[in-house]
Each structure stands twice: as structure tokens, then as C-alpha cells.
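The basis for the numbers below is simple: all heavy atoms, side chains too, and nothing from hydrogens, waters or symmetry mates. For ligands, and for the atoms within them, numbers begin at 1 and follow the listed sequence. Here the structure is a predicted model, which is why all the values come from computation and not from measurement.
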Amino acid sequence: MLILLIALHRSKFPPGLVTGRIMDRFASSPRLMIVSDLDHTMVDHHDPGNLSILRFNALWEAKYRQDSLLVFSTGRSPTLYKQLRREKPMLTPDITIMSVGTEITYGNDMVQDEGWIEFLNQKWDKQIVSEETSKFSELTMQSETEQRQHKASFHVKKENAQEVMKTLSERLAKRGLDIKIIYSGGMDLDILPKGAGKGQALAYLHKKLKEKGILPKNTLACGDSGNDAELFTIPDVHGVMVKNAQEELLQWHAENAKNNPKIIHANERCAAGIIEAIGHFKLGPNISSRDVTDLSDAKLDHFDPAYEVVKFFLFFERWRRAEVENHEVYLSNLKSVCSPSGVFVHPSGVQQSLHVCIDKLKDCCGDKKEEQYRVWVDQVFPSQIDSDTWLVKFQKWEQTGAEQQGCLTTVIVSSKGVKPTEGLTWLHVHQTWMEGTTKNSRNDWFF
Ligand code: GLC
Ligand code: MG
């Protein structure tokens, strides 16, 4: 069993297969495709506890990850996107669209869609864009990282934006380019090939998925600013403008989509607005485990390994934050769902009985009370390995303050001899450090 586990734990697919792998995950249409902007939509920069994104994460991993598609669509370049991932508790999307719909990548290895790049080369010449933009004193160039093959980005004051956009697009058209100018966040001006943009990138993905016979049953687009407007124009897409949406997006909506019942302006900020939209459009479950106060009451009528994993690590966070009452009851419940012969392989390599590890949890009860401590799981994928056993692979992350640590985790659970309401029995847990986890933070890693 252990050898099989190590082999599965380590297995990696060649990067070339990644695009295929994402699509191959689906024998039939994904239930839901969420296409979400990041800054001020999925990520709330005014929520220091990151609660709304963590609520979304728990919902997605427990209820959607296996049969749905998560797509992030951001204005950020790959450099700034990766930076955001290190700062915030973000899930790993199946598909990442960056640089305002000019770069599409697949999977954890972020393999580029070469077809999209080729398509965007039509009637595009960055040299001409540079020549023409340099004639405007109102435009200041954004940082080098944000200048991309198919995106030139500037800052411009609100009061000058409309005039500059009009004149610039006339001049670029005269020089034979087919371009699009987008204004976002009341300060950013992006120049892209006409066929690019977040909306066009989504339409391209829809076409690709349709050709493979796996067009998602529903798509929900989520955004807050100007560059997100196009997402809401793609046929059959539900849309949510989060509560904190920017003026330019609300104005676009008032002028172009006011009577479209498929687009809502949420009452909630950021990721909480996304959850609200899932409920509003009845796209599937919309209760996050994070909204359930007493997790021991949250029982199911069927076996659900992903849900159990989400629930366990949420309990673990609450335990260390001193948010759990009835310690003894909780610990004895936990013990009762762990096999007496169950083993935990700690990322340090030390092996211990699961029961001993549960006893040791007393040592960390409430130890993170005063800290910004959060736990989340990412890419929870269960696979059934025989009639009553599942192998669940995922990444488990912890963040204390600004520091993140993660472990690749494999769990084996069994339904032998138990009822669904009792929960699955944990037989084996095995963890290895994710790259980038620093040594000094490894001492207080319990699970
Ligand atoms: C992100 C990008 C920036 C772009 C803006 C609006 O902030 O980093 O280059 O202008 O999104 O699309
Ligand atoms: Mg945004």
C-alpha cells in the first residue's frame, strides 16, 4: 500500500499533456465554469483576514472542484499574478488567463495556448503602438513587467481618458492596426489586439470546449472593473458585478446591459458576491463549510471524501485559533474516525500512529489565537481505488501573517463498516513539503 501511495504521490505528467489533461478530466460537460477576475473580485484587498476568498475556497473544494472548471482572468502579467498567489490564499485554477485576455495557460505548469498567441498576431504591431503612444504626454507607461507581447499598458488620469482613447484609436486605425483600448480602475489604460480581451479569451475557450463536446452547463463571469465588461457580453454567460464594482463597469452596465436578467450587481463584496451569485442563479450548492459553526453537526447522507477533507482542515484551523468548544468531545470524535492502525507520515519523514497524532493535538489547541492564522486546501481530487476505499490528493496550506507553507497531501479513507453519517475512516495520511516552504516555519506543522 505504501509503495503505491508514494508512486501516486510523486507522479507528474509531462507538461505537453496538460491542456489535454484539463479537458480529459471531463468525460461530460463540466457542471459549472467560473471565470473570475482577481483584484477586487476574487481577492478583496480590504479584507485583511481574507475571509471571503476562504469561504469561496471551502465551497469550491468541497462541492465543485471535481466536476467544474475554475478559470482566473486577470489584467496582471504572469509576474504579478504569481506574486499575488504568494500573498493571498488563492486556489489553483484549471485555466489562467492573464494580461487582459492576451495570455491563456493551462494547469499547474501554466502551459501556454500557442494557438491563441498566433491568432493575436493578426494586424498587431507593438512598434507602431509605441510610436503612437509616445506622442501623448497624458500617458505614463506602467512597469516593464506589465508590457507584454500583445498588451501595452499605461496610466492616465480619469479626466483625460476618454479624449486620449478616442484620438489614439483613430491614429492606430490609420496606421493599419486592428486594436482595442480598455480603461479600468479609473487609472489603467490597456491597448490590445482587437481579437484579445477577457471576453474574447472566454469565447475562445468556450469554442474549444464545445469542439471537445464538453461545453460547461453553466458559466458564471465575475468582475469589478472596465476590463471585465466584455465577459458579460459572451452568449449564455451569467454575470456578477461584485458590490464594490468600479464606476466604469456600472456605467457600462447601465448603458449596455441594464435589462439583462443574467447579470446582477451583488449586495456582497468580492468573493462573497460570487457565492451570492451562485445562489441567485441557482447554479449549485452555495453554502460554504466556513459558514457552518458546528462542524460536528454537518453530517451527510452519502460518503463524500472531498467534503471530509475540507471539514477536517477547517476544524484544524478553528482548533488552533481557539474557536472550538467541547475539546474532549471533538478529540474523541476525531479518534473514532481514525483507524487504530492508521499512520501519518509527517513531511519531515517521521511516521506516527494517527491516534498518537490526535492526542498531540492538545499541544496546539489555541496556539494561534492571537495570530492571523488560516488553513485551506487546494485541488482536492478523490479517486475511488476499490469498492469502499478512496485516495484523496490535495495541497494543504497554512498562512500565518504573510508567510505561507504548503504540503502535498495524500489521504486514504474507507467506508468499510461505517454509515455515511458517521463519516469515513481515515487510514493513512502522507505529506511532503511543497517547494518554497521555508525551513524555519516547519517546526509547528502538525497535519
Ligand atoms: C492589472 C495589470 C495592468 C492593467 C490593469 C487593468 O492591474 O497589472 O497592467 O492595466 O490590470 O487591466
Ligand atoms: Mg479587478
Side-chain angles (χ1 to χ4, degrees), residues 34-47 50 52-53 56 71-88 90 93 96-105 120 126 129-130 133 136 138-158 160-161 164-165 168 179-193 196-202 220-232 239-253 265-266 268-274 277:
I34 284 197
V35 183
S36 180
D37 169 52
L38 295 176
D39 294 289
H40 310 288
T41 302
M42 186 57 81
V43 175
D44 190 345
H45 292 283
H46 301 284
D47 174 11
N50 297 311
S52 75
I53 188 171
F56 174 85
V71 181
F72 287 162
S73 187
T74 178
R76 291 182 179 234
S77 62
T79 308
L80 290 192
Y81 166 67
K82 286 173 192 160
Q83 184 180 319
L84 188 65
R85 292 202 55 170
R86 287 190 294 270
E87 293 164 1
K88 295 285 174 182
M90 285 165 59
T96 319
I97 304 172
M98 289 160 294
S99 310
V100 199
T102 61
E103 300 182 62
I104 302 177
T105 68
L120 296 184
K126 227 184 147 190
V129 175
S130 301
T133 48
F136 289 81
E138 299 92 332
L139 291 175
T140 11
M141 251 210 176
Q142 290 184 13
S143 70
E144 203 47 52
T145 61
E146 300 315 280
Q147 312 302 333
R148 307 291 296 164
Q149 190 181 349
H150 297 105
K151 168 177 172 281
S153 292
F154 303 84
H155 293 304
V156 63
K157 284 195 185 126
K158 248 188 202 171
N160 299 329
V164 170
M165 283 165 77
L168 187 57
I179 55 108
K180 154 192 287 187
I181 306 180
I182 303 176
Y183 193 55
S184 304
M187 61 189 254
D188 296 321
L189 186 139
D190 301 310
I191 305 166
L192 321 171
K198 290 186 176 189
Q200 292 313 306
L202 170 56
L220 174 65
C222 321
D224 76 297
S225 85
N227 68 13
D228 301 314
E230 311 189 328
L231 286 172
F232 305 128
V240 53
M241 305 181 291
V242 290
K243 177 182 182 178
N244 49 294
Q246 291 279 336
E247 194 184 310
E248 77 257 348
L249 182 63
L250 297 175
Q251 194 181 335
W252 170 86
H253 178 254
H265 183 195
E268 306 264 5
R269 293 177 57 81
C270 300
I274 302 176

ring-ring contact (aromatic ring centres under 6.0 Å, His included) against His40, all qualifying residues, sequence neighbours excluded:
His45
Show the nearest heavy-atom pair for residues Gly186 and Gln246, with the distance to one decimal.
N-OE1, 4.3 Å
Give the intermediate values and the outcome of side chain to side chain contact (heavy atoms under 4.5 Å, CB included) for residues Leu38 and Arg76.
CA-CA 9 Å; Leu38 295 176; Arg76 291 182 179 234; 5.5 Å; no
Inter- and intrachain pairs under salt bridge (charged side-chain N to carboxylate O under 4.0 Å, His left out), touching residues 182-191, at least two apart:
none
Which residues and atoms, counting only protein N, O or S, are under 2.8 Å from the Mg ion (ligand 2)?
Asp37 OD2, Asp39 O, Asp224 OD1
Residues Asp37 and Ser73: side-chain donor-acceptor under 3.5 angstrom
no
How far apart are the C-alpha atoms of Glu146 and Ser77, what are their side-chain angles, what is the distance that settles it, and do they pass the side chain to side chain donor-acceptor pair (under 3.5 Å) test?
CA-CA 6 Å; Glu146 300 315 280; Ser77 62; 2.5 Å; yes
Closer than 4.0 angstrom, basic N to acidic O: yes or no for Lys158 and Glu247?
yes
Kindly print each ligand 1 N/O atom paired with any protein N/O atom under 3.5 angstrom away, one pair per line, or none if nothing qualifies.
residue, atom, partner, partner atom, Å
ligand 1, 8 (O), Glu146, OE1, 2.6
ligand 1, 9 (O), Gln142, OE1, 2.5
ligand 1, 9 (O), Lys151, NZ, 2.7
ligand 1, 10 (O), Gln142, NE2, 2.9
ligand 1, 10 (O), Asp190, OD1, 2.6
ligand 1, 10 (O), Asp190, OD2, 3.4
ligand 1, 12 (O), Asp190, OD2, 2.6
ligand 1, 12 (O), Asn227, ND2, 2.7

With a 4.0 Å cut-off on N to O distance, would you call Glu138 and Lys157 a salt bridge?
no
For the NZ atom on Lys126, are there more than 12 heavy atoms of other groups (residues, nucleotides or ligands in this structure) within a distance under 6.0 Å?
yes
